[in-house]
A.B. asks: 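After the structure tokens below, expect a handful of questions from me.
The first residue in the sequence is number 1, and the count goes up from there. Source: prediction; values computed, not measured. Counting convention: from 1, in listed order, for ligands and their atoms alike.
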Amino acid sequence: MKTKESEQEVTILANKEQKPILIAGPCSIETRESLFATAEQLQNSEIDYFRAGAWKPRTRPDQFEGVGSIGLKWLKEIKTVYGLKTCTEVANFKHVYEALRNDIDMIWIGARTTSNPFAVQEIAESLSGVDIPVWIKNPVNPDLNLWIGAIERFKKAGHKQIGAIHRGFSMYHHDEFRNPPKWQIPIDLKKEIPDLSIIVDPSHITGNKLRVSEVSQLALDLNFDGLMVEVHHNPNEAWSDSKQQITPMEFIEMVRNLRLPVTNNYDQRIQKELQTYRSEIDIIDNELLSLFHSRMQVVDQIGSFKKKHNLSILQHDRWCELLQRSIDAGNRKGLSKRFVERVFKAIHQESINHQSKIIRN
Ligand code: PEP
Ligand code: MN
């Protein structure tokens, strides 16, 4: 894990040993007993923060929407009894007030709130002058600018301890995950704000307790700075997100088995070998681009031909046949259907753009 320097413009405090930041705890605060049961089992787990939501943003009404402020009182007790730092989600001015009143150590902004600039502005202003870490989840929709906008609102309100949480993006069609991660978006965020710490929430990404550890490992392999995991003493009986919560024991076991990759190994021999592979990749990428270029030249010729003979750009049967043939060929080469489909749809779109330009002119 990378070292975070305190004088950086925006930084969340990585823990001193520079290991990944670990946040764990139940999706929601249910009863005092249930909260204590989870906290007790997590007390020696080396987590940096114990999480629990007092107000739950539910998609449909008539579901459990959180116990509210009373839950924060229980979180405050947890702090004293187990010495755990606490964090909770806030979505408006009142939540901020209640969180601060109950000595919450860190707050996070939920995905639905990040999508709403009015709410983000209200929270940023209500926290003005309060030096508390704020972690901002990505908005539910895959919009990098909206995420950056929320971070900027906190920066402009004078906050320095800001981090981002990647929790995947809501999709209409069912995917293998509840909120598909679209890793390129948090990677682009890192490019836009290099000093920002970004942690990953594998629970809301997967929506599936069986896949939490796999996505946690991937997050570390992709060099993200930590994890926020939903952990409940009895997941099957949880009042919200029961399918994705793991037990404290499962969490502890998972953390024990996580491999921490290093970003750089200064051993000359390893560097040299890595460089050889990278050069090979660079050459192949260049070849790919040349091939795309050649393809588009032929596409342009067909465009002129279609214009001359008044043929439509899209020949549906031909497109379906081409796509299926490519999927089959890709499959024989060990490439997933999903990947081949995406690549060919992108190529096809670019071809349509080229041809429509030719036909317009
Ligand atoms: C949560 O962390 O419990 C939560 C509601 O998450 P999100 O905002 O990512 O849906
Ligand atoms: Mn949840």
A.B. asks: With rounding to the nearest 0.5 angstrom, report the CZ to CZ distance, R58 to F64.
C.D. replies: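 Rounded to the nearest 0.5 Å, the CZ-CZ separation comes to 8.0 Å.
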
A.B. asks: Could you tell me which residues satisfy salt bridge (Lys or Arg N to Asp or Glu O under 4.0 Å) with R51, sequence neighbours excluded, listed by chain and number?
C.D. replies: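 By the salt bridge (Lys or Arg N to Asp or Glu O under 4.0 Å) rule, R51 matches E230.
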
A.B. asks: Without swapping roles, check the side chain of H159 against the backbone of A124 for a donor-acceptor pair under 3.5 Å.
C.D. replies: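 A pair under 3.5 Å: yes.
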
A.B. asks: How long is the span from the CD atom in E30 to the NE2 atom in H232, to the nearest 0.5 Å?
C.D. replies: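 Those atoms lie 3.5 Å apart.
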
A.B. asks: Parallel, tilted or perpendicular: which one describes the rings of F169 and W147, with boundaries at 30° and 60°?
C.D. replies: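 Perpendicular, since the angle between the ring planes exceeds 60°.
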
A.B. asks: Working to the nearest 0.5 angstrom, can you tell me the gap between K79 NZ and N102 CG?
C.D. replies: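 The CG atom of N102 is 10.0 Å from NZ of K79, to the nearest 0.5 Å.
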
A.B. asks: Provide the number and element of each atom of ligand 1 under 4.0 Å from a heavy atom of G110.
C.D. replies: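 What qualifies from ligand 1 is 8 (O).
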
A.B. asks: Could you check atom 6 (O) of ligand 1 against the protein and tell me its nearest heavy-atom contact, residue, atom and distance included?
C.D. replies: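 Ranking protein heavy atoms by distance from atom 6 (O) of ligand 1, first comes K137 NZ, 2.9 Å.
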
A.B. asks: Look at atom 5 (C) of ligand 1 and say which protein heavy atom is nearest, naming residue and atom and giving the distance to 0.1 Å.
C.D. replies: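 I find the closest protein heavy atom is E89 OE1, 3.5 Å.
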
A.B. asks: Do me a favour and list the nearest non-hydrogen protein atom to atom 8 (O) of ligand 1 with residue, atom name and distance?
C.D. replies: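 So the nearest neighbour among protein heavy atoms is A111 N, 2.8 Å.
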
A.B. asks: Say whether, by atom type as modelled, one donor and one acceptor occur between the side chain of E192 and the main chain of N145 under 3.5 angstrom.
C.D. replies: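 No; zero donor-acceptor contacts below 3.5 Å.
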
A.B. asks: Side chain or backbone, does D201 bring an N or O within less than 3.5 Å of an N or O on ligand 1?
C.D. replies: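 So ligand 1 has no N or O lying under 3.5 Å from an N or O of D201.
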
A.B. asks: Under the rule for ring-ring contact (aromatic ring centres under 6.0 Å, His included), what residues qualify as partners of Y97, not counting sequence neighbours?
C.D. replies: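 If we apply the ring-ring contact (aromatic ring centres under 6.0 Å, His included) test to Y97, skipping adjacent residues, there are no hits.
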
A.B. asks: Under 3.5 Å between some N or O of ligand 1 and some N or O of K56?
C.D. replies: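 By distance alone, the answer is yes.
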
A.B. asks: Looking at R112, which atoms of ligand 1 are within less than 4.0 Å of one of its heavy atoms?
C.D. replies: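 Taking each heavy atom of R112 in turn, ligand 1 has 7 (P), 8 (O), 10 (O) under 4.0 Å.
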
A.B. asks: Please lay out, stage by stage, how R101 and E98 fare under the test salt bridge (charged side-chain N to carboxylate O under 4.0 Å, His left out).
C.D. replies: CA-CA 5 Å; R101 203 158 72 97; E98 293 292 342; 3.0 Å; yes

A.B. asks: Among the protein atoms near the Mn ion (ligand 2), how many are N, O or S and lie under 2.8 Å away?
C.D. replies: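 Counting protein N, O and S atoms closer than 2.8 Å to the Mn ion (ligand 2) gives 4.
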
A.B. asks: Could you go step by step and tell me if D221 and R259 meet the salt bridge (charged side-chain N to carboxylate O under 4.0 Å, His left out) rule?
C.D. replies: CA-CA 8 Å; D221 288 335; R259 221 174 354 88; 3.4 Å; yes

A.B. asks: Heavy atom under 4.0 Å from ligand 1: found in M228's side chain, backbone, both, or neither?
C.D. replies: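 Neither part.
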
A.B. asks: Which heavy atom of the protein is the closest neighbour of atom 1 (C) of ligand 1, given with residue, atom name and distance?
C.D. replies: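 The protein heavy atom lying closest is H204 CE1, 3.2 Å.
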
A.B. asks: For ligand 1, which atoms sit closer than 4.0 Å to a heavy atom of C27?
C.D. replies: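 Listed by number with element: 3 (O).
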
A.B. asks: Which residue and non-hydrogen atom of the protein lie closest to atom 9 (O) of ligand 1, and at what distance in Å?
C.D. replies: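 Looking only at protein heavy atoms, the one closest to atom 9 (O) of ligand 1 is R167 NE, 2.6 Å.
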
A.B. asks: Would you mind writing out the side-chain donor-acceptor pairs for residues 340-352 within the sub-3.5 Å range, not counting sequence neighbours?
C.D. replies:
from, atom 1, to, atom 2, distance (Å)
Q349, NE2, N353, OD1, 3.0
S351, OG, R295, NH1, 2.9
S351, OG, I347, O, 2.9

